[in-house]
2 protein chains.
Amino acid sequence: MAKIKNNINNTKKDIVLKNAAILFRKKGFKATSLRELADTMGIEAPSLYNHINSKAELLHNICFGVANDFMTNLQAVIATKESAVEKIAMLIRFHILKIYSDFDNVFVANHEWKQLSKKDLSAFITQRKDYENCVIEIIHTGQKNKQMKLLNAKIMVLTILSAVRGLEILQSHKNNFSLEELQDNMVEQLLNGIVK
Amino acid sequence: MAKIKNNINNTKKDIVLKNAAILFRKKGFKATSLRELADTMGIEAPSLYNHINSKAELLHNICFGVANDFMTNLQAVIATKESAVEKIAMLIRFHILKIYSDFDNVFVANHEWKQLSKKDLSAFITQRKDYENCVIEIIHTGQKNKQMKLLNAKIMVLTILSAVRGLEILQSHKNNFSLEELQDNMVEQLLNGIVK
DNA sequence: CCTACCGATCGGTAGG
DNA sequence: CCTACCGATCGGTAGG
């Protein structure tokens, strides 16, 4: 009988990936052993190799999975007819949505990518750079259209991405405010500031 | 002859700490071995123990050193007679100054603190929480004085601290803009936004 | 999916 | 500051 794959976590490999993301997020990639990971599934460490090829592969799948999600969304946002300001708002909202709904994977991609293998690492950095350059382009458009201030566009993007990527404290605050409240407040602050 | 200690990097322990910060920043705490660290000084690993007591002690000193710097500055800022808005601007400027002038230590404190020993970890988290609560208090004052918008104060602080703490990409951009430009742009964006 | 086990590497100690 | 070495743990393999 052939196994039916779908996008929900149900293959064994998906479960391994999900549990790996949780452990990598809590303890870090290097500090997580495959024995611990196997423990979360009630199996022995060598049995993991029926589902994966290496520990590095787990981090690879998590980091590039997240990176692809963001890149896909970015391209969809760029393709819309919205204004530059609205596009930036959409990006901020998506970052917060993702970290809210897919916390472990996003956190690991944001904090553990340095542990990727040498080859993966350079590909990941390139993808990040591409992402940032696309956002800078949006800002440039907004500045040409006189929608946005003539601040340094690189710094503007660094600030926005740094703010949305670094929301590590979120988990403990998750009960304090809803997704919408977080999105609305952060979009308002990053676009229009906090001073009256 | 007694050794004369001063605040500049010149005792052997200071050199160990400085080199440790560089390695921890580049590779992560767990991924850095004491043998590598010893290599940077041209000595063998066991010789490190003439200057330190454990690997954990290195991370402890880095993280709490940075945390104390920020806490000291925060108290100085709070003690001034400046407005709430100006106080927040001062905090943002200090964060950027520190990450600019003391990059390795600040980066490690921001990204590797989860690897602290259990006891250190809870103390560090408490100190962070205290810091955030103090900043929230400043925001509340600004809101009461009608200087600041009535956005969620916790989210405002999370956003500001996330933005200044996550400036990891800074090192590669260090030649692209000066400290003052980075400070001015980020203060303007975080306080007044990027939309005209 | 298991048991048995490997070579490598780790933080750290003993003793000088 | 060194050499010699330790027990523990790691990612991963062999073989069933």
Side-chain angles (χ1 to χ4, degrees), chain A residues 1-3 5 9-63 108 112-121, chain B residues 1-3 5 9-63 108 112-121:
Chain A
M1 255 202 295
K3 273 192 190 170
K5 267 199 186 181
N9 274 340
N10 56 0
T11 72
K12 274 284 167 62
K13 177 156 189 178
D14 287 334
I15 298 174
V16 175
L17 274 168
K18 189 187 167 191
N19 291 349
I22 294 171
L23 284 174
F24 294 168
R25 191 256 302 162
K26 284 185 186 165
K27 310 189 55 174
F29 175 74
K30 276 277 182 180
T32 300
S33 72
L34 293 182
R35 281 147 178 94
E36 288 176 275
L37 177 56
D39 266 351
T40 67
M41 311 187 59
I43 62 176
E44 298 299 318
S47 301
L48 287 172
Y49 286 84
N50 290 306
H51 312 295
I52 67 173
N53 297 309
S54 68
K55 189 188 180 189
E57 182 198 52
L58 294 170
L59 187 61
H60 170 103
N61 285 1
I62 292 170
C63 289
V108 170
E112 298 294 327
W113 56 269
K114 280 199 177 176
Q115 305 303 329
L116 287 167
S117 69
K118 205 174 170 182
K119 197 182 161 190
D120 282 346
L121 186 58
Chain B
M1 256 205 293
K3 272 191 189 168
K5 267 199 185 180
N9 274 340
N10 55 0
T11 71
K12 274 282 168 64
K13 178 157 188 175
D14 288 333
I15 298 173
V16 175
L17 273 168
K18 189 187 167 191
N19 291 350
I22 293 171
L23 285 173
F24 293 168
R25 191 258 301 164
K26 284 186 185 164
K27 311 189 54 174
F29 175 74
K30 277 277 183 179
T32 301
S33 73
L34 293 183
R35 280 149 177 93
E36 287 176 274
L37 177 56
D39 266 351
T40 67
M41 311 186 59
I43 62 177
E44 297 299 318
S47 301
L48 286 172
Y49 286 84
N50 291 305
H51 312 296
I52 66 173
N53 296 309
S54 69
K55 190 188 180 188
E57 183 197 54
L58 294 170
L59 187 61
H60 171 102
N61 285 0
I62 292 170
C63 289
V108 170
E112 298 294 326
W113 56 271
K114 279 198 178 177
Q115 306 302 330
L116 286 167
S117 69
K118 206 175 169 182
K119 198 182 159 188
D120 282 346
L121 186 57

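Letters A, B, ... are given to chains in the order of the sequence lines, protein chains preceding strands, and every chain is numbered from 1. The structure displayed is predicted, hence computed values, not measured ones.
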Just do the side-chain contact (heavy atoms from CB on, under 4.5 Å) check on A/Cys63 and A/Asp120 with the steps written out, would you?
CA-CA 9 Å; A/Cys63 289; A/Asp120 282 346; over 6 Å; no

Quick check: closest heavy atoms across [X] and [Y], and the distance to 0.1 Å?
{"X": "B/Glu112", "Y": "B/Phe29", "result": "OE1-N, 3.1 Å"}
{"X": "A/Arg35", "Y": "A/Ala45", "result": "CG-CB, 3.7 Å"}
{"X": "A/Ala31", "Y": "B/Lys30", "result": "CB-CE, 3.7 Å"}
{"X": "B/Leu58", "Y": "B/Ala20", "result": "CD1-CB, 4.1 Å"}
{"X": "A/Ile15", "Y": "A/Met41", "result": "CG2-CE, 3.6 Å"}

Taking DNA chain C as the partner, which of residues 46-53 of chain A come within under 4.0 angstrom of it by heavy atom?
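Per residue number, the list reads A/Pro46, A/Ser47, A/Asn50, A/His51.
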
Let's see if you get this right: which residues in residues 29-37 of chain A place a heavy atom under 4.0 Å from DNA chain C?
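When residues 29-37 of chain A is checked for heavy atoms under 4.0 Å from DNA chain C, there are no hits whatsoever.
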
Do any N or O atoms from the side chain of A/Asn19 and from the backbone of A/Val16 form a donor-acceptor pair under 3.5 angstrom?
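Here the side-chain-to-backbone pair does not exist.
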
Quick one, B/Trp113 with B/Leu121, criterion side-chain contact (heavy atoms from CB on, under 4.5 Å). Give me CA distance, side-chain angles, the key distance, then yes/no.
CA-CA 7 Å; B/Trp113 56 271; B/Leu121 186 57; 3.7 Å; yes

At what distance, to the nearest 0.5 angstrom, does CD1 of A/Ile22 lie from OG1 of A/Thr40?
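Reported value, rounded in 0.5 Å steps: 7.5 Å.
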
Taking any atom under 4.0 angstrom from a heavy atom of chain B, which nucleotides of DNA chain D are the first and last to qualify, 5' to 3'?
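The contacted stretch runs from D/dC1 to D/dA4.
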
Any side-chain donor near an acceptor of the partner, A/Asp14 and A/Thr11, under 3.5 Å
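The answer is yes; a qualifying pair exists.
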
Taking both distances under 3.5 Å as the test for a Watson-Crick or G-U pair, what stems of at least three pairs does DNA chain D have?
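Stems (3+ consecutive pairs) listed as C:1-16 with D:1-16.
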
Does anything in residues 47-62 of chain B form a salt bridge (charged side-chain N to carboxylate O under 4.0 Å, His left out)? List the pairs, not counting sequence neighbours.
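Passing the test, one end in residues 47-62 of chain B: B/Lys13-B/Glu57.
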
Residues which pass side chain to side chain contact (heavy atoms under 4.5 Å, CB included) with B/Glu36, listed by chain and number, not counting sequence neighbours:
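Expected list: B/Leu23, B/Lys27, B/Thr32, B/Ser33.
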
